[in-house]
Amino acid sequence: MEKDKEHLDGLPTYTDAVRRPWTNRRPKRRRVFRFIALAFLAYFAYSTYSIARNTKRLGTTLLIEKLREDHSTCASLRRVPVEQTATRDYNKRWVNGTKPLLIRNATIWTGEPAVGTSEEDARLGKGYAWISSDIFVDRGLIQKIAKDISIKSLPVDTAIFEAHGRQLTAGIVDMHSHAGLSSVGDLQDDVNELSGDITPYVQSLDGLDPLQPEIQFIKSGGVTTSLILPGSGNNMGGEAFVVKFAVGKENGRTEISQQDMIADPDRNWRYMKMACGENPKRVYGKYGERGPYSRLGESWEFRHALEQARDYVQSQNEWCAAADNIGPENMATYLPQKLQWESLGAVLRGQVRINTHCYTIPDLEAFVRHTNEFKFRLYAFHHAHQTYLVPEVLKRTWGGTPAAALFADNMYYKVEAYTASEQAGKILYEQGITPTYVSDNPVLNSQHVVFEAAKAYGHGLPYHVALAGVTSAPAELLGMGHRIGKIVETFDADIVVWDSDPLSAGATPVQVWIDGAAQFKDPVELEKPIVPPVTPDVSLGKAVEKKEIKGNAIFTGITHAYLDNVEASYQTTDHAVAIMNNGILSCIGPCLSELLAQDPSTPIVNLTNGYITPPFTAFGSYLGLVEIDAEGDTKDGPPPKEGITRAVNGLSFGGKHLTAAYDHGVTNAITAPNSGSINAKGISVGFKTGAKHRLEKAAIWDDEIALHYVLTLSAKGDQTPSISAAIEMLQAKLLDAIDDLAKNDDSPAAKKDAYDEKAYLRKVVTGSLPLVLTAHSADTIASIIVLKSTIEEAASSSLGIAASKLTIVILGGAESHILATELASASIAIVLAPVFPHAQSWDQRRGLTGAPLTNGTAIDALLDAGVLVGIGVEEVWETRDLGLIAGIAYANSGGRLGFKDALDLAGGNLANMLGLKAVGKKEDWVVWEGSPLEIGGRVRGIGGAGGATVWE
Ligand SMILES: *[C@@H]1O[C@H](CO)[C@@H](O)[C@H](O)[C@H]1NC(C)=O
Ligand SMILES: *[C@@H]1O[C@H](CO)[C@@H](O)[C@H](O)[C@H]1NC(C)=O
Ligand SMILES: *[C@@H]1O[C@H](CO)[C@@H](O)[C@H](O)[C@H]1NC(C)=O
Ligand SMILES: *[C@@H]1O[C@H](CO)[C@@H](O)[C@H](O)[C@H]1NC(C)=O
């Protein structure tokens with residue numbers, strides 16, 4: 001703040017400014033001097049003349065009215081935004097008529113430490129606590145937070161909400177979202193104005209569609225407020241807007257409009273998006289024609305634009321200063337005004353909060369230089385994957401250290417994101433830099449942005465900082481920290497009552513209020529026990545060292561075992577242990593005699609609440625075939641147009657994605673050849689994510705698992721221009737295989753033909769090889785059900801196979817819930833990927849986004865119908881989160897899933913549906929500290945025959 005003021009106070013004087021444009025040119029000094037002198041004289045003569053002319057002949061050339069208007073504009077140009085901390089009688093967004101509200105018996109996270117907590121203690125999380133309280137809301141404001149507020153004291157029309165002791169927080173604030181800027185399935189897109197690299201003059205608000213369904217389902221995740229940013233295609237992308245997600249009468253508003261969504265009707269602050277690095281280069285750089293072609297060019301683009309804005313501001317300041325001196329009536333010109341540089345001018349005037357997409361050190365550091373050269377403040381670096389490496393650089397930013405707006409673990413997807421850390425938030429916080437967590441919706445579904453904060457907590461960021469990272473910290477960075485992001489009397493009544501601790505797996509709002517108005521008319525409430533909030537585990541921040549172990553090791557503190565041969569729970573008083581012998585768990589339980597037999601030098605890993613489970617399996621991602629998603633050289637590449645390939649020949653071991661998956665207990669993967677995301681065509685391979693290379697013992701545990709095809713929208717291509725063509729081509733291939741077999745034409749002519757698509761299709765129709773079809777649309781899924789019976793009938797009649805069975809697994813399945821019973825009777829298994837869809841493509845638009853908006857998600861309907869279900873992921877980085885995704889399904893299953901059932905979603909069920917004896921080796925295990933299905937569960941040991949990895 002101090003700096004902003006200094007900037008305005010230090011404006012150049014009028015005469016300085018007139019001279020300035022010339023002083024930068026330096027051909028021949030004398031000539032320049034003479035020229036300046038002449039110019040100066042001419043200018044002086046001209047102004048004197050025009051002032052004289054204005055005074056003499058009022059109104060003939062310039063309108064006095066407009067000159068006066070321009071002069072009053074000077075005041076708004078000089079305005080420095082300040083927080084409006086004065087007591088408000090009502091919230092300006094409040095809709096008069098909204099009933100007062102009493103929320104009774106809530107467990108509240110206010111977001112503030114107890115009164116009297118020192119700053120140092122607060123940093124450490126001391127003084128923060130959940131409090132049992134009632135909360136009274138009226139006129140869009142939190143009026144009172146107190147225990148046992150008497151109803152008698154409240155207006156008669158007060159609505160009452162019983163929280164039954166559930167957790168209550170401020171509405172979630174996502175400071176990086178593009179929600180509402182593209183339509184369902186991305187059919188229409190208004191995120192980036194790609195007509196030019198420097199477009200500070202465009203406004204995201206112009207593209208915001210209040211009726212986009214995502215606004216409602218994002219809010220169902222507790223998100224009440226978002227910064228809607230233009231995209232990152234341009235170095236300067238345009239102005240951004242903070243909006244609240246209440247739209248129309250259903251949400252307690254009087255109208256459906258963009259303007260009505262604006263969080264601060266006074267528009268105290270403005271916001272702008274900028275971006276560094278690869279995006280603008282790749283969008284604009286054209287060799288020999290236009291820039292930016294490189295980061296060098298990008299810095300020029302920034303500086304060149306800022307230079308023009310600086311000149312613009314200067315010309316305005318000169319005008320205003322002169323008008324102050326001689327009176328606006330006497331001015332010879334109107335106030336210089338140009339829409340093109342208006343917003344960037346406001347940036348230099350300290351009225352705009354800049355948020356910049358920058359990942360890498362060169363980008364961060366160049367941008368920090370720009371802030372110092374042009375003296376403007378940056379509030380947050382977004383994406384910011386390398387900020388944790390250079391806190392000193394960030395601290396050199398002009399006007400104050402920016403925050404880092406991060407993903408918890410979405411990384412490695414491009415070169416810029418390849419140096420990233422799950423501990424980034426923790427490290428930054430220790431360095432005095434604020435981490436916030438954002439969705440970049442639709443990159444991540446903003447509905448679950450609180451999950452990002454939860455994972456950050458799981459990776460060692462203190463609990464209070466993680467929760468602040470999606471509430472008070474972004475609120476402050478948006479200049480709205482005095483109004484939103486906390487539960488404090490006088491704040492806006494944006495409130496979420498959760499069904500469990502917001503930083504636990506599966507936390508779901510029971511109800512959401514914006515400015516005191518309930519947002520869900522008949523919210524679906526998941527069946528969950530009411531449990532107290534999480535007790536923050538400070539040991540999550542403790543570093544552990546990864547070690548390879550041969551021989552023996554002991555894990556103490558085991559409380560649960562879920563292996564095929566041992567399923568047991570232990571009390572801590574049982575002092576249960578697990579003893580590992582050359583990678584094999586030889587004893588689980590008290591193991592008294594076995595412990596006595598151990599050598600005293602046997603390493604001991606002491607655990608609190610230790611779990612033993614089978615490893616997780618990543619299915620359907622392209623884990624193992626890609627290292628940096630956006631870089632072709634780091635990938636195996638797409639399958640050929642004709643024919644198929646086997647993924648086993650494309651695997652690359654030892655990469656960061658594989659290591660991350662392994663370190664999170666995902667030690668097996670089933671991967672098919674890929675052209676992108678979950679699309680596949682070819683033969684999948686089952687392998688160990690922790691193997692060093694293909695030839696290592698048991699690295700490949702099955703080189704031919706299933707034959708895969710794609711029937712999502714990306715099936716539309718050269719060979720099959722339509723979905724119908726793709727389905728029919730597959731049907732034709734399968735029928736051909738039956739004909740070949742019927743003609744007894746199944747003996748391959750050449751050895752290589754055994755690896756031919758036709759050979760695998762023959763295995764499919766005889767039921768010895770599963771067919772995995774990627775599909776989301778319920779209609780495509782219905783066609784697959786028909787296809788299955790067509791092929792089975794043909795196989796029965798032509799080949800005489802009685803009750804022929806084709807094994808079909810559908811991967812994707814966003815809309816599969818619509819056909820749950822049909823899928824069950826057709827014995828088709830589903831691997832949901834994503835487990836929680838958000839209409840990213842047109843064929844996923846009928847996916848269920850969950851409570852409080854929908855009654856459960858696809859998995860609930862499928863389980864109820866008796867479909868065999870597995871879980872997968874869309875993007876390869878998410879494979880590390882399979883345990884947590886299973887945990888969300890478990891927590892939100894309303895009792896449909898037991899703990900072991902949830903583990904099997906990414907394990908045993910996959911083996912069952914693919915007809916495998918097991919995924920990987922039966923004797924493989926993972927030891928966890930804490931539940932593998934819950935935030936904060938950490939892998940402490942992974943093993944199987946031959947050895948183990950231990951985290952000590
Ligand atoms: C709200 O509406 C009522 C009834 O129309 C009116 O009396 C009251 O003054 C209004 N309150 C505010 C703050 O505008
Ligand atoms: C608050 O809710 C809890 C859980 O339902 C209940 O045990 C308790 O009695 C309630 N307290 C009050 C004051 O209603
Ligand atoms: C584990 O616990 C045992 C028994 O309490 C103790 O002797 C040992 O030092 C602990 N080991 C580690 C590595 O903390
Ligand atoms: C949700 O669906 C279940 C069946 O899956 C049903 O028993 C329940 O009544 C439904 N709840 C609501 C609120 O519709």
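Since we're looking at a predicted model, the values are computed, not measured. Read the numbers this way: they start at 1 and go in the same order the structure lists the ligands and their atoms. Count residues from 1 along the sequence.
Close approach of ligand 1 to Trp94 (heavy-atom distance below 4.0 Å) involves ligand atoms 13 (C). The contact set between ligand 1 and Asn96, taken as ligand atoms under 4.0 Å from a residue heavy atom, comprises 1 (C), 2 (O), 3 (C), 8 (C), 10 (C), 11 (N), 12 (C), 14 (O).
Using a 4.0 Å cut-off between a side-chain N of Lys or Arg and a carboxylate O of Asp or Glu, Arg93 and Asp492 do not qualify as a salt bridge. Ionic pairing of Lys99 and Asp157 is not present here: no N-O contact between side-chain nitrogen and carboxylate oxygen is shorter than 4.0 angstrom.
Proximity of Glu525 to ligand 4, defined as any heavy-atom pair under 4.0 Å, is not found for any part of the residue. The proximity of Asp864 to ligand 4, defined as any non-hydrogen pair under 4.0 Å, is limited to the side chain.
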Throw together a table of side-chain donor-acceptor distances under 3.5 angstrom for residues 134-146, partners on residues two or more places apart or in other chains.
{"residue": "Asp134", "atom": "OD1", "partner": "Asn105", "partner atom": "N", "Å": "2.8"}
{"residue": "Asp134", "atom": "OD2", "partner": "Asp148", "partner atom": "N", "Å": "3.3"}
{"residue": "Asp134", "atom": "OD2", "partner": "Ile149", "partner atom": "N", "Å": "3.0"}
{"residue": "Arg139", "atom": "NH1", "partner": "Asp89", "partner atom": "OD2", "Å": "3.1"}
{"residue": "Gln143", "atom": "NE2", "partner": "Asp138", "partner atom": "O", "Å": "2.7"}

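Minimum interatomic distance between Pro474 and Gly469 (heavy atoms only, all atoms of both residues): CD-O, 3.5 Å. In plain terms, the two heavy atoms of Ile885 and Glu878 that are nearest each other are CD1-O, 4.4 Å.
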Which protein N or O atoms sit under 3.5 Å from any N or O of ligand 2? Give atom names and distances.
{"residue": "ligand 2", "atom": "2 (O)", "partner": "Asn105", "partner atom": "ND2", "Å": "2.2"}
{"residue": "ligand 2", "atom": "5 (O)", "partner": "His164", "partner atom": "O", "Å": "3.3"}
{"residue": "ligand 2", "atom": "11 (N)", "partner": "Asn105", "partner atom": "ND2", "Å": "2.8"}
{"residue": "ligand 2", "atom": "14 (O)", "partner": "Asn105", "partner atom": "ND2", "Å": "3.3"}

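Residue contacts with ligand 4: Arg896 is included, with a non-hydrogen atom under 4.0 Å away.
The only option from Leu168, Val450, Val510, Thr508 that meets the side-chain contact (heavy atoms from CB on, under 4.5 Å) definition with Trp498 turns out to be Val450.
Inspection of the Glu255 and Ser257 side chains reveals an N or O donor paired with an N or O acceptor under 3.5 Å.
Panel note: side chain Thr471, backbone Leu467; a donor-acceptor pair is recorded below 3.5 Å. Gln167 places a side-chain N or O within donor-acceptor distance of the main-chain N or O of Asp501, the cut-off being under 3.5 Å.
Inclusion of Arg139 in the set of residues having an N or O under 3.5 Å from an N or O of ligand 1 is not warranted.
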